[in-house]
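In what follows, every chain begins at residue 1, and chains take the letters A, B, ... in the order their sequences are listed.
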2 protein chains.
Amino acid sequence: MNKKENAKVINIASIKAACKDCNLRELCLPLGLGEPDLTALDKVIRRRRTLRKGEQLYRLGDPLKSLYAVRSGTLKTTGLMEDGRVQVTGFHLAGELLGIDAINTDQHPCSAEALETSEVCEIPYIALEELAHQVPGLQHQLFRVMSREIVEDERLLMMLGRMNAEERLASCLLSFSRRHERLGVNGAAFKLSMSRQDLGDYLGLALETVSRLFSRFQEEGLIEVQGRHVHLRDNDRLHAIAGGNGNSRSHAQRN
Amino acid sequence: MNKKENAKVINIASIKAACKDCNLRELCLPLGLGEPDLTALDKVIRRRRTLRKGEQLYRLGDPLKSLYAVRSGTLKTTGLMEDGRVQVTGFHLAGELLGIDAINTDQHPCSAEALETSEVCEIPYIALEELAHQVPGLQHQLFRVMSREIVEDERLLMMLGRMNAEERLASCLLSFSRRHERLGVNGAAFKLSMSRQDLGDYLGLALETVSRLFSRFQEEGLIEVQGRHVHLRDNDRLHAIAGGNGNSRSHAQRN
DNA sequence: AACAGGCAATGACGTCCATCAATCCCATCT
DNA sequence: AGATGGGATTGATGGACGTCATTGCCTGTT
């Protein structure tokens, strides 16, 4: 398709779209809000911003100005060690909120980068907090979203601390599948927007290990892989592996 | 000192103590609140609860009723895999808030257990949310505290995903040190309230590895250990190790 | 077409840490 | 004091995964 025209169409659409006619309404901050509150929220949301692949939304150390809701595309957030080691702390799909970890110190403790062309809604934080004060439903939803972020991080903690490589990848693939379904897309077949390196940095593995695992999963009939295209073939077995009932020896020896 | 009398004194003190004369005022939810708001918060906080070592504050799957502020002692929160593997998601000292990960689904996704005799303030969640709506300062502080929890989890993610064993322990010890200082206690020497197993479950290591590391750190003059008593002897080198500049070969090979 | 360059797949090898197992220490109770 | 039991230490061994290196694939550019 023609790129220039396509870009123009997206722009026009994005300028007009407001929370109240956004298809992500039920997955994002507006959840549970009524008509008048939605209008108020729309007034607070400053603008849509489009990021190209590789572009950064904010950088580690940047002062907190806004939170961002992902409207389309995917972003990753990455923490950095002094010596350059990277930990991806999350992949963020449409409907998810970015930047809440900056509220604590008014500084972003990690960077956010688009993995593909992505759109985000910018929500100035001061205004959001102010509005949350006036709209209890919004306050409630904000608490929930922040809590969800914590739960998500805890799931990842479990993966990194207590799962082996194959359990981590199985778990990760199933998570992607679930989230795609939540967005109304087919959860069994999807395209990964991140590189093997990114996946490794997320799962605490070397990219080679991730690559080998993809191959092995394919050999074992769990999935089909073709570069970044993944097709889940045996959800039951994937679940068994992710839950710790893979064919490898059990780790549980606590009486 | 006489244990019985001491216990009695603490009890009497704790019954009377309210947020407005709590010495943790500046570390906990009341931060930034004025006199009248503090009184309102005190009305919401239902009661003090004392937990003995090993007692559980809530269990995985319990419905969310209250959040808890640690007043004294230490608790751990643990996630559980189906096959019994444990991940400690945090150690919680005085002034820290527990249970916010339950807001998302109104169910606790992990269990909380006292590592020593501990006191917590119970804060019914519904009432807290209601009050936060009326008191902007409280709402603000709640957002901050939740955000801090996320940052804390992200730090741990970095540890589990990208640090080796010695870096994890050094980092962990320094974190304890910092938090003790925040409480006005000497940060260089403290008593661990958790077992080696707990530390291992937190750091994603086997308890034997933790034990060996303690011994090695001692040999190298970084710390002194005597069971659960730890004395930090060389903060600079500990920092160097925790930051990834230990004597082990550098991990950074990203150009 | 041919080329370049980034990403992915695969192999060989080494190492860090888990596992298994045997003491050892220490606090508590009788 | 002696007994008891949970925690901690220490050693030996093996395996999972990181590291290094090569080759292959795919996309976009000239």
Atom pair CG/CZ of A/L232 and A/F176 - distance to nearest 0.5 Å
11.0 Å

Would you kindly give the NZ-to-C1' distance between B/K53 and C/dA27, to the nearest whole Å?
10 Å

Can you check the A/K191 NZ to C/dC7 C1' distance for me, whole Å?
12 Å

Can you tell me the distance, in whole Å, between the CG atom of B/L192 and the C1' atom of D/dA8?
13 Å

Charged N-O contact under 4.0 Å between A/E166 and A/R216
yes

Interatomic distance where CG belongs to B/L207 and C1' belongs to C/dC24 [whole Å]:
15 Å

Winner on side-chain proximity to A/S211, out of C/dT19, C/dT10, D/dC17, is C/dT10

Under 4.0 Å between a side-chain N/O of B/T209 and OP1 or OP2 of C/dC16, yes or no?
no

Between the side-chain atoms of A/E208 and the base atoms of D/dC17, is any donor-acceptor pair under 3.5 Å?
no

Do we see a donor-acceptor contact under 3.5 Å between the side chains of A/T77 and A/T89?
yes

Looking at A/S195, does any N or O in its side chain come under 4.0 Å of the phosphate oxygens OP1/OP2 on C/dC7?
no

Consider the side chain of B/N164, meaning its heavy atoms from C-beta on, and name the nucleotide among D/dT9, C/dC17, C/dA9 that approaches it most closely.
C/dC17

What verdict does the side-chain contact (heavy atoms from CB on, under 4.5 Å) test give for A/E113 and A/E55, after you've listed the backbone C-alpha separation in whole Å, the side-chain angles of each residue and the deciding distance to 0.1 Å?
CA-CA 6 Å; A/E113 179 185 325; A/E55 220 178 318; over 6 Å; no

Please determine whether any donor N or O and acceptor N or O are separated by less than 3.5 Å between the side chain of B/R196 and the base of D/dT10.
no

Ignoring hydrogens and geometry beyond distance, is the side chain of B/R212 in donor-acceptor contact with the base of C/dT19 at under 3.5 Å?
yes

Tell me whether the side-chain N or O atoms of A/Q197 pair up with the base of C/dC7 as donor and acceptor below 3.5 Å, since no angle test is needed here.
no

Taken to the nearest whole Å, CG/B/L199 to P/D/dG7 is 13 Å

Check the distance between D/dG18's P and A/L205's CG and give it to me in whole angstrom.
5 Å

Measure the SG-CD1 distance between A/C110 and B/I150 for me, rounded to the nearest 0.5 Å.
10.0 Å

Whole-Å distance, A/E219 CD to C/dT10 C1', equals 11 Å

Once you round it to whole Å, what is the distance between P of C/dA9 and CG of A/L213?
11 Å

Looking only at the side chain of A/S215 (C-beta and beyond, no hydrogens), which of the listed nucleotides D/dT9, C/dA9, D/dT10 gets closest?
C/dA9

